**Student:** 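What follows is a structure written as structure tokens; I'll ask about it next.
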Amino acid sequence: MQKIDIEMIPGGASPPPIRVGEATIAEADIAQEMQYHPADSAGTAQLKAARALVVRELLRQRAAALGLADDDGADLDEDDAIIAALLEQELDVPEPSEEDCRRFHATHAERFSEPTRLQVRHILLAAAPDDAEARDAGYRLGEKLVKELGEHPERFTEFAQRHSACPSKEEGGELGWLAPGQTVAELDDALHRLPEGLHDRPLASRYGWHVVSIDARQGGRERPYEEVAEHVRHSLREQSTRRALRHYLMALQAEIGVEGVSLDDESGSALMQ
């Protein structure tokens, strides 16, 4: 069956009705479900919501066929319990062996390593993203501060207290030890690529410009298998569950029949979330 992308329907026309067997997924239900599927466009959120409801209806109908649920449906809590019971009964997820776990750890050791941490000071020169004049002025000031700090690094605390718009100004710009993900993404990405010391130009973020000094770096330590064995086992079990669930849903789609939208490889992931 050809997949119909709701975003691509011309002229703003209503999408074709979505049916799972004899049941129809109401547009109002899709609209209500969209809040749980954030996306970069309304059409994409709508498509994800529709697929999620199709998955739930496929499972509800299969549960009814096995006598685990009534055909007239149930409330959400009961549905979740019924689906859990169905998957427990029908889904065959092999338990990863010790050999599989050790091999996976050896191949993906970085996934189980301690993250690199940076000891950082900064001076935030605030400027809104859409304020071109303020951002230009902030960058020029940042350049002056970087040049001055290159000659007089001991003045960092003074400059932070005078110029920074971040509460860390009271601590001389100290942010402490930062692990990945502890600051805004655009600054986080830049920081973890820089060497130690004062960076030679201001760094941009949605908040403005940052004069940055990386004072120390603690490299990520690879953790031996024995420390992370349960984490490794959980990762492999989750992969196997997603794969088994995807195959199971594809089989249900072929058996029960779905019209108006097609499931894809993300179906298992959407349900597990």
Side-chain angles (χ1 to χ4, degrees), residues 1-7 15-39 42-101 104 108 111 229-273:
M1 176 175 53
Q2 182 180 4
K3 180 173 69 178
I4 298 176
D5 191 333
I6 296 175
E7 289 185 286
I18 296 174
R19 295 189 178 92
V20 180
E22 298 301 318
T24 299
I25 305 294
E27 289 186 32
D29 291 337
I30 295 174
Q32 176 67 23
E33 179 73 14
M34 284 173 62
Q35 63 183 306
Y36 306 114
H37 303 275
T44 301
Q46 189 179 27
L47 186 58
K48 289 182 176 181
R51 285 177 175 149
L53 292 177
V54 166
V55 166
R56 181 172 288 275
E57 181 61 21
L58 283 170
L59 294 173
R60 191 199 66 76
Q61 290 189 29
R62 177 59 178 168
L66 295 176
L68 298 175
D70 296 329
D71 273 326
D72 57 359
D75 65 32
L76 189 58
D77 289 340
E78 290 175 349
D79 272 349
D80 287 343
I82 290 166
I83 288 172
L86 172 69
L87 296 180
E88 179 70 23
Q89 177 175 314
E90 297 246 285
L91 215 58
D92 182 18
V93 181
E95 187 69 18
S97 68
E98 181 71 9
E99 181 181 357
D100 290 336
C101 290
F104 187 77
H108 303 90
R111 290 181 53 176
E230 190 52 41
H231 187 189
V232 174
R233 188 172 300 277
H234 175 78
S235 295
L236 277 179
R237 190 184 298 118
E238 187 178 69
Q239 282 187 8
S240 296
T241 300
R242 291 180 188 275
R243 187 162 48 247
L245 184 56
R246 185 165 59 247
H247 293 325
Y248 181 64
L249 290 171
M250 293 302 104
L252 287 183
Q253 177 179 242
E255 178 183 344
I256 295 173
V258 175
E259 298 177 14
V261 70
S262 179
L263 302 182
D264 64 4
D265 288 346
E266 296 180 354
S267 302
S269 299
L271 181 64
M272 291 183 71
Q273 289 171 356

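Remember, predicted model here, so these are calculated numbers, not experimental data.
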**Student:** Let me confirm one number: the CD-CD1 distance from E88 to I83, rounded to the nearest 0.5 Å.
**Tutor:**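 Rounded to the nearest 0.5 Å, the CD-CD1 separation comes out at 14.0 Å.
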**Student:** Salt-bridged, R56 to D80, with N to O below 4.0 Å?
**Tutor:** yes
**Student:** Applying salt bridge (Lys or Arg N to Asp or Glu O under 4.0 Å), run through D100 and R237 and close with a yes or a no.
**Tutor:** CA-CA 11 Å; D100 290 336; R237 190 184 298 118; over 6 Å; no
**Student:** Rounded to the nearest 0.5 Å, how far does CE of M34 lie from OG1 of T44?
**Tutor:** 9.5 Å
**Student:** Quick check for you: to the nearest 0.5 Å, what is the distance between L252 atom CG and L86 atom CG?
**Tutor:** 7.5 Å
**Student:** Please give me the minimum heavy-atom distance between A244 and V93, naming the atom from each residue.
**Tutor:** CB-CG2, 4.2 Å
**Student:** Just by modelled atom types, is the I25 backbone N or O under 3.5 Å from a matching donor or acceptor in the R19 side chain?
**Tutor:**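 No, because the side chain of R19 does not come within donor-acceptor range (under 3.5 Å) of the backbone of I25.
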**Student:** Step through the shown structure and confirm whether more than 12 heavy atoms of other residues, nucleotides or ligands are within 6.0 Å of CD on E98.
**Tutor:**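 Yes - once you tally the heavy atoms of other residues, nucleotides and ligands closer than 6.0 Å, there are more than 12.
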**Student:** Whether the E230 and H234 side chains hold a donor-acceptor pair (N or O, under 3.5 Å, no angle test) is what I'd like checked.
**Tutor:** no
**Student:** Starting at CE of M250, measure out to CG of L245 and round the result to the nearest 0.5 Å.
**Tutor:**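 It comes to 9.0 Å.
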**Student:** What's the separation between atom CD in E57 and atom CG in D29, rounded to the nearest 0.5 Å?
**Tutor:**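 These two atoms lie 10.0 Å from each other.
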**Student:** Report yes if the side chains of L87 and Y248 come closer than 4.5 Å at any heavy-atom pair, otherwise no.
**Tutor:** yes
**Student:** State, with a plain yes or no, whether a side-chain heavy atom of S235 is found less than 4.5 Å away from one of R111.
**Tutor:** yes
**Student:** Checking the side chain of Q253 only, and the main-chain atoms of L263 only, is there a donor and an acceptor separated by less than 3.5 Å?
**Tutor:**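 Side chain of Q253 to backbone of L263: a pair is present.
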**Student:** For Q61 and V20, indicate whether the former's side chain and the latter's backbone hold a donor-acceptor pair under 3.5 Å.
**Tutor:**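 Yes, the answer is positive, given that a donor and an acceptor are paired below the 3.5 Å cut-off.
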**Student:** Does L68 reach the side chain of R62, with side-chain heavy atoms less than 4.5 Å apart?
**Tutor:** no
**Student:** Do you know which two heavy atoms are closest between C101 and P96, and how far apart they sit?
**Tutor:**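 Residues C101 and P96, closest heavy atoms: SG-CB, 4.0 Å.
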**Student:** Decide salt bridge (Lys or Arg N to Asp or Glu O under 4.0 Å) for K48 and E33; before the verdict, give the C-alpha distance in whole Å, the side-chain angles of both, and the deciding distance to 0.1 Å.
**Tutor:** CA-CA 9 Å; K48 289 182 176 181; E33 179 73 14; over 6 Å; no
**Student:** Quick one: closest heavy-atom pair of R51 and S262, and the distance?
**Tutor:**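 The pair with the smallest heavy-atom distance is NE-O, 3.0 Å.
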**Student:** Are there over 12 heavy-atom neighbours, none belonging to E95, within less than 6.0 Å of that residue's CD?
**Tutor:** yes
**Student:** Which distance, rounded to the nearest 0.5 Å, do you find between the NE2 of H231 and the CG of L236?
**Tutor:** 10.5 Å
**Student:** Would you say I18 and I30 make side-chain contact, with heavy atoms under 4.5 Å?
**Tutor:**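 Side-chain contact under 4.5 Å: yes.
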**Student:** Does atom CD (Q35) have a neighbourhood of more than 12 heavy atoms from anything else shown, all under 6.0 Å?
**Tutor:** yes
**Student:** Does L59 reach the side chain of I82, with side-chain heavy atoms less than 4.5 Å apart?
**Tutor:**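 L59 does not reach I82 side chain to side chain.
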**Student:** Would you mind reporting whether L66 and E90 have side-chain heavy atoms less than 4.5 Å apart?
**Tutor:**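 E90 vs L66: side chains touch.
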